[in-house]
Every structure is written in C-alpha cells, then in structure tokens.
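The structure displayed is predicted, hence computed values, not measured ones. Count residues from 1 along the sequence.
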Amino acid sequence: MVDSGLTPHLLIDAASEAVVVPREHVANGRIVLNVSPTAVRGLTIANDTLSFDGRFAGRAFRVSAPTSSVLAIYAKETGEGMMFQEEAPEPAEAPKANRTPALKLVT
C-alpha cells in the first residue's frame with residue numbers, strides 16, 4: 001500500500017485485555033489504527049503480536065495487540081484491502097480435507 005502512495009489502516013478487535021490501545025479511541029469494541037511510516041515508529045509485526053509507538057490526540061502511546069485481533073487491513077483512500085473473519089470450528093466428524101481455515105479472506 002505504501003509503495004502505491006496509500007495509507008495502511010488496521011481494524012483491531014479491542015475487546016481482549018491483551019490489546020493495549022488508548023481505550024478512549026475504541027468504538028464498539030474496535031479501533032482503527034493508521035500504521036503508515038509517517039504515523040508510527042518501530043512497527044513490529046511478528047507471528048503472534050504487533051506493536052508500535054504512535055500518537056493519539058498528541059499523546060504518545062505504545063500500542064500492542066495479538067495478530068489474532070486484526071480484523072482487516074485496508075487502504076484509507078480506497079477502502080480496498082483484506083478482511084479476516086473468524087469462523088466457528090466445524091464439527092469433529094467433518095473430514096479434514098473439507099475443513100476451512102480459521103481465518104477467511106473476504107473480498
């Protein structure tokens with residue numbers, strides 16, 4: 001996105017206590033985070049956690065969240081991106097070959 005001149009945003013499920021964000025910016029249990037290079041410092045995205053230093057209403061804040069809390073990544077300007085939707089596990093009797101992944105790409 002950045003290479004195309006777009007602004008990457010993450011939609012985070014902030015309901016978990018493991019999500020460390022300024023709670024005054026959470027609406028309906030979710031928060032949108034601008035993760036462009038001009039908005040954050042020290043962005044780290046690992047297999048299990050993402051973190052960075054950002055500013056919210058002029059106040060510095062260290063953001064940290066499990067990657068499982070990421071609901072979407074999209075470009076602010078176009079709204080295009082990827083949304084992740086958690087699905088309920090399938091019944092145990094379903095054959096493994098027919099099972100769908102825990103996260104589903106919705107386009």
Side-chain angles (χ1 to χ4, degrees):
M1 285 182 219
V2 173
D3 288 346
S4 297
L6 301 173
T7 310
H9 279 65
L10 296 176
L11 176 62
I12 303 289
D13 179 357
S16 167
E17 289 181 18
V19 176
V20 180
V21 295
R23 293 292 166 179
E24 63 271 19
H25 295 280
V26 173
N28 299 321
R30 297 177 176 185
I31 188 168
V32 175
L33 302 170
N34 175 350
V35 291
S36 69
T38 58
V40 302
R41 292 192 188 266
L43 176 63
T44 302
I45 302 175
N47 288 334
D48 56 353
T49 306
L50 67 93
S51 61
F52 62 86
D53 292 315
R55 297 189 74 74
F56 296 83
R59 188 183 72 161
F61 198 94
R62 179 73 179 169
V63 172
S64 178
T67 53
S68 60
S69 67
V70 177
L71 300 173
I73 182 167
Y74 64 94
K76 174 186 174 187
E77 295 80 2
T78 64
E80 294 179 343
M82 293 188 297
M83 294 188 70
F84 305 99
Q85 183 176 20
E86 219 174 312
E87 295 182 356
E90 291 191 26
E93 61 272 359
K96 282 187 176 185
N98 293 334
R99 291 188 184 196
T100 56
L103 291 177
K104 177 182 172 185
L105 174 62
V106 180
T107 56

V32 and Y74, any side-chain heavy atoms less than 4.5 Å apart: yes
D48 vs P66 side-chain heavy atoms within contact, under 4.5 Å: no
Kindly list each side-chain donor-acceptor pair under 3.5 angstrom involving residues 3-12, sequence neighbours excluded, with atom names and distances?
from : atom 1 : to  : atom 2 : distance (Å)
T7   : OG1    : E77 : OE2    : 2.6
H9   : ND1    : T7  : O      : 3.3

Considering all heavy atoms, the nearest [X]-[Y] contact:
| X | Y | result |
| --- | --- | --- |
| I31 | P22 | CD1-O, 4.2 Å |
| S16 | R23 | O-NH2, 3.3 Å |
| V2 | P37 | CG2-CD, 3.8 Å |

Linked, directly or transitively: [X] and [Y] (ILVMFWY side chains, under 4.5 Å):
| X | Y | answer |
| --- | --- | --- |
| V70 | V26 | yes |
| I73 | L33 | yes |
| V20 | L43 | yes |
| M1 | I45 | yes |

Plane angle bin for F56 and F61 - parallel if under 30°, tilted between 30 and 60°, otherwise perpendicular: perpendicular
Once you round to the nearest 0.5 Å, how far does [atom1] of [X] lie from [atom2] of [Y]?
| X | Y | atom1 | atom2 | result |
| --- | --- | --- | --- | --- |
| D13 | S68 | CG | OG | 8.5 Å |
| N47 | T67 | CG | OG1 | 7.0 Å |
| D53 | T44 | CG | OG1 | 9.0 Å |

Residue E24 excluded, over 12 heavy atoms near CD under 6.0 Å: yes
Flag if over 12 foreign heavy atoms under 6.0 Å of CZ, R41: no
